[in-house]
Protein chains: 2
Amino acid sequence: MTALEVACRNSDLPLTIQRRVILQALADRDDHPTADQILRQVRKRLPEVSRTTVYRVLDTLVDLGLAVKICSPGKGARFDPRTDRHHHLVCLQCEKVMDFEAPKLNGLPLPDTRTRAFDILDYSIHFRGLCADCKGQSRNAQARRARRSPTKKSTGRAG
Amino acid sequence: MTALEVACRNSDLPLTIQRRVILQALADRDDHPTADQILRQVRKRLPEVSRTTVYRVLDTLVDLGLAVKICSPGKGARFDPRTDRHHHLVCLQCEKVMDFEAPKLNGLPLPDTRTRAFDILDYSIHFRGLCADCKGQSRNAQARRARRSPTKKSTGRAG
DNA sequence: CTGCCTGCAAACGATTTGCACCAGC
DNA sequence: GCTGGTGCAAATCGTTTGCAGGCAG
């Protein structure tokens with residue numbers, strides 16, 4: 001938790017209780033929670049905390065480099081307490097995002113983007129697929145199809 | 001545009017004007033537009049089209065495998081007409097997402113996720129950094145800091 | 001003709017904003 | 001004590017839903 005103190009001092013930011021507790025709540029999880037999930041967890045310690053503050057503080061933590069807002073297919077923003085290089089398993093069906101360690105993939109050469117005038121600072125690989133919970137069920141399209149016409153037995157594409 | 005006809009026939013879906021035009025609008029861009037951006041573009045051809053329909057059709061196109069909902073750090077869902085393997089440059093500041101070709105990175109071995117019970121179907125690499133427009137300006141944190149206290153000259157961390 | 005798709009508007013959920021008060025430095 | 005962070009509630013933005021009529025097959 002010293003990292004927060006250092007970062008706040010460096011940036012001339014007051015070190016509030018909320019910032020402490022929210023960072024702690026985030027650090028305690030590895031499931032890339034949304035702001036609302038953090039809110040619920042934070043309220044166990046600080047029942048008074050407002051949703052607004054959670055949003056603002058999470059934003060601040062990202063600024064400070066203590067957290068990362070991850071890329072996800074869903075609608076709610078999600079945060080990751082890990083700022084080191086790591087990768088993700090993204091379920092195409094339930095949109096869950098899991099951390100995935102693949103040391104062999106941590107040393108890829110950063111491609112040359114000079115022609116694009118883009119400064120690459122880091123990378124992460126998104127492995128898209130189906131998580132354990134979803135893979136048993138059915139594929140994306142099939143699920144939706146079924147939902148739309150439950151009585152009609154779809155002919156093909158069972159594979 | 002035949003792909004849409006085939007897909008609709010395969011799935012017993014009517015081939016509506018809206019589906020044609022929305023897919024065309026998406027296919028015409030490579031900037032991973034949001035539903036709203038698509039809406040604006042589609043209305044040039046079909047002024048009557050409703051926002052709802054755009055959302056629904058984009059969803060359908062994803063089902064049909066004619067588009068992909070991409071992972072992005074922003075709040076609005078974004079769609080990609082490309083379904084083949086490719087990678088992305090993600091600007092940490094403006095949250096723009098650009099396609100990035102890196103043939104050398106298209107053949108990575110899919111890691112073994114049996115222990116995680118996760119079926120990997122594909123992957124894509126997110127290169128995070130600063131785009132041309134943003135890199136001249138300032139780093140993420142600095143930009144926000146400046147916005148908060150415009151008069152105060154931040155000391156350090158220029159690197 | 002029949003059913004699904006579309007358009008409308010309202011519901012809904014996530015996030016932001018303005019303002020008064022309180023806490024950290 | 002001053003500054004700016006926080007809490008509240010309302011505004012805003014993105015997305016979804018229920019229903020009536022239109023169009024593709």
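Below, chain A is the first sequence line, B the second, and so on; all start at residue 1.
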### Task
Round to the nearest Å and state the distance from A:Ile17 atom CD1 to D:dG7 atom P.
11 Å
### Query
Do A:Leu92 and A:Phe100 belong together in a cluster built from hydrophobic side chains that touch within less than 4.5 Å?
no
### Query
Which word best sums up how the rings of A:His126 and A:His88 line up, parallel for under 30°, tilted for 30 to 60°, or perpendicular for over 60°?
perpendicular
### Query
If Ile, Leu, Val, Met, Phe, Trp and Tyr residues are connected whenever their side-chain heavy atoms lie under 4.5 Å apart, and connections chain through other members, are A:Leu130 and A:Phe127 in the same group?
no
### Message
Closest approach to the side chain of A:Tyr55, judged atom by atom: which nucleotide of D:dT6, C:dT16, C:dG7 is it?
### Response
C:dT16
### Shortest non-hydrogen contact between B:Ser11 and B:Leu64, atoms and distance
OG-CD2, 3.5 Å
### Query
Between D:dG7, C:dC5, D:dT16, which one does the side chain of B:Pro14 approach most closely?
C:dC5
### Task
Quickly work out the B:Asp36 CG to D:dT12 P distance and round it to whole Å.
16 Å
### Query
Within the structure, does a side-chain N or O atom of B:Thr16 lie under 4.0 Å from either OP1 or OP2 of C:dT6?
yes
### Task
Figure out the CZ/C1' separation between A:Arg20 and D:dG5, and round it to whole Å.
15 Å
#### Entry: Distance-only donor-acceptor test, A:Arg56 side-chain atoms vs D:dG4 base atoms, 3.5 Å
no
### Query
For B:Arg29, does the CZ atom have more than 12 heavy-atom neighbours from other residues, nucleotides or ligands under 6.0 Å away?
yes
### Gap between atoms CD and C1', on A:Gln18 and D:dG5 respectively (whole Å)
8 Å
### Query
Which sits closer to the 5' end of DNA chain C, B:Val49 or B:Lys75, going by the nucleotide each is nearest to?
B:Val49
#### Entry: Distance test, side-chain N/O of B:Arg19 to OP1/OP2 of C:dC5, below 4.0 Å
yes
### Query
Expressed in angstrom and rounded to an integer, what is the separation of A:Leu64 atom CG from D:dG5 atom P?
11 Å
### Query
To the nearest Å, how far apart are B:Leu4 CG and C:dC5 C1'?
14 Å
### Distance test, side-chain N/O of A:Ser50 to OP1/OP2 of D:dG7, below 4.0 Å
yes
## Note on the structure
Which of D:dT6, D:dG7, D:dG25 is nearest the side chain of B:Leu15? It is D:dG25
### Task
Could you tell me whether the phosphate oxygens of C:dT6, OP1 or OP2, come under 4.0 Å of any side-chain nitrogen or oxygen in B:Thr52?
no
### Separation of C:dC22 P from A:Glu48 CD (nearest whole Å)
13 Å
### Query
Can you tell me how far P of C:dT16 sits from NZ of A:Lys69, to the nearest Å?
7 Å
